[in-house]
Amino acid sequence: MTEASDTAPGSTYKRVLLKISGEALMGDTGFGLHPPTVQRIAKEVQSVHATGVEICMVIGGGNIFRGLAGSAQGMERTTADYMGMLATVMNALAMQSALEELGVFTRVISAIPMDQVCEPYIRRRAVRHLEKKRVCIFAAGTGNPYFTTDTAATLRANEMACQAIFKGTKVDGVYDMDPVKHPEAKRYDRISYDDVLAKNLKVMDASAIALARDNKLPIIVFSLDEPGGFLGILAGKGTYTIVD
Ligand code: UDP
């Protein structure tokens with residue numbers, strides 16, 4: 001095992017990106033948004049924000065629409081992907097509403113301009129929002145079909161000079177096989193980008209992992225059900241896997 005880097009959990013963060021899937025917002029409902037779940041995640045973000053850490057967020061859209069599912073049903077792929085990107089905007093607006101209810105100032109920043117709804121993505125402007133301690137929720141993915149919000153998260157984390165990506169999932173880290181199907185699955189404390197790619201582990205898609213690797217951006221995978229929450233993980237408590 002290598003020495004922990006100064007961007008590992010437990011170090012002092014100035015700016016981080018939290019990536020959650022759309023499905024994380026649907027609770028047990030099977031589709032769409034579950035307001036109490038959205039509020040619970042917003043509270044976790046609020047508690048980290050209160051410590052002075054600058055926070056970027058990227059939320060997926062899989063609870064509403066996935067491009068691949070659309071194209072499997074005969075829809076043209078790029079159109080289906082745009083629908084998926086629009087789904088992420090809805091999730092971002094729901095999170096904005098929940099955060100502002102808690103008194104946390106936010107901006108939803110879309111890769112696809114829709115000025116009546118949210119801000120367009122302008123890098124310097126987004127950086128300024130972060131400096132002013134506004135939570136920036138990046139919506140509409142990368143703005144391009146054939147990508148995922150994992151790649152969007154890695155792209156924005158690089159552009160915003162975040163020290164790490166925190167990927168909140170249903171499981172408490174990266175396993176050698178699916179821990180839901182295989183109870184004997186082994187969790188990694190730490191794993192390299194190359195091993196994730198070589199073993200084809202389902203952490204993030206390959207383009208996101210490669211982009212993180214090329215820019216030495218650590219990815220910390222943790223469970224959104226972790227008792228100490230996002231705040232605990234940032235402090236290095238609880239269970240997680242670091243990909244670096
Ligand atoms: N999407 C896209 N380009 C992007 C990001 C997302 O086309 O840069 C589309 C794609 O169709 C994807 C959908 O948006 O299926 C929802 O995003 P994702 O699957 O990443 O959401 P998650 O699985 O994180 O909920």
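Note: hydrogens, waters and symmetry copies are ignored here, and every other heavy atom, side chains too, is used. Whatever order the structure lists ligands and atoms in, that order sets their numbers, starting from 1. In what follows, residues are counted from 1 in the order of the sequence shown.
- Scanning all heavy atoms of the two residues, the minimum distance from T149 to T88 falls at CG2-CG2, 3.7 Å.
- Between Y13 and F166, the angle of the ring planes goes over 60°, which puts this pair in the perpendicular group of the 30/60° scheme.
- Interface of G141 with ligand 1, defined as ligand atoms under 4.0 Å from a residue heavy atom, comprises 4 (C), 5 (C), 8 (O).
- Hydrophobic clustering (side-chain heavy atoms under 4.5 Å, transitive across Ile, Leu, Val, Met, Phe, Trp, Tyr) groups I191 together with I165.
- Near G61, meaning under 4.0 Å from one of its heavy atoms, ligand 1 places the atoms 16 (C), 17 (O), 21 (O), 22 (P), 25 (O).
- Of all the atoms in ligand 1, the ones that sit under 4.0 Å from a non-hydrogen atom of D81 are 7 (O), 9 (C), 10 (C), 11 (O).
- At a heavy-atom cutoff of 4.0 Å, ligand 1 is contacted by the side chain of K19 but not by its backbone.
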Test D150 against K167 for salt bridge (Lys or Arg N to Asp or Glu O under 4.0 Å), laying out the working first.
CA-CA 9 Å; D150 282 344; K167 176 156 167 144; 3.2 Å; yes
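- Residue-ligand proximity, N144 to ligand 1, at heavy-atom distances under 4.0 Å covers atoms 2 (C), 3 (N), 4 (C), 7 (O), 8 (O).
- The existence of a salt bridge linking R123 and E159 is excluded, since no basic side-chain nitrogen approaches an acidic carboxylate oxygen closer than 4.0 Å.
- Other residues, nucleotides and ligands contribute at most 12 non-hydrogen atoms within 6.0 Å of the NZ atom of K181.
- Of the protein's non-hydrogen atoms, the one nearest atom 19 (O) of ligand 1 is R66 NE, 3.3 Å.
- Considering each of Y82, F65, F147, the one bringing a non-hydrogen atom nearest atom 6 (C) of ligand 1 is F147.
- The distance criterion of under 3.5 Å between nitrogen or oxygen atoms is met by G22 with respect to ligand 1.
- With respect to atom 5 (C) of ligand 1, the closest heavy atom belonging to the protein is T148 C, 3.4 Å.
- Enclosure of atom NZ in K133 by more than 12 non-hydrogen atoms of other residues, nucleotides or ligands within 6.0 angstrom is indicated.
- For an aromatic pair to be called close, the ring centres must be under 6.0 Å apart, and Y188 with Y175 fails this.
- For a threshold of 3.5 Å applied to N or O pairs, the pair formed by S21 and ligand 1 contains no separation below that value.
- The proximity of A152 to ligand 1, defined as any non-hydrogen pair under 4.0 Å, does not occur for either the backbone or the side chain.
- Numbered from 1 in the order shown, with element, the atoms of ligand 1 that lie under 4.0 Å from a heavy atom of T142 read 4 (C), 8 (O).
- Salt bridge D244/R213: absent, no basic N to carboxylate O contact under 4.0 Å.
- Here the side chains of M57 and Q96 are not in contact, with every heavy-atom distance at 4.5 Å or above.
- Ion pair K14/E131 not flagged as a salt bridge, since none of the NZ, NE, NH1 or NH2 atoms sits closer than 4.0 Å to an Asp/Glu carboxylate oxygen.
- Remark: ligand 1 atoms within the under-4.0 Å shell around heavy atoms of P145 are 7 (O).
- In terms of protein heavy-atom proximity, atom 18 (P) of ligand 1 is closest to T149 OG1, 3.5 Å.
- Ligand 1 has no atom lying under 4.0 Å from any heavy atom of M83.
- When each atom of ligand 1 is checked for a heavy atom of G62 under 4.0 Å away, the hits are 21 (O), 22 (P), 25 (O).
- The single protein non-hydrogen atom nearest to atom 12 (C) of ligand 1 is G67 N, 4.0 Å, given as residue, atom name and distance.
- Residue contacts with ligand 1, taken as heavy atom pairs separated by less than 4.0 Å, do not involve N63 at all.
- The protein heavy-atom contact nearest to atom 14 (O) of ligand 1 is G84 C, 3.1 Å.
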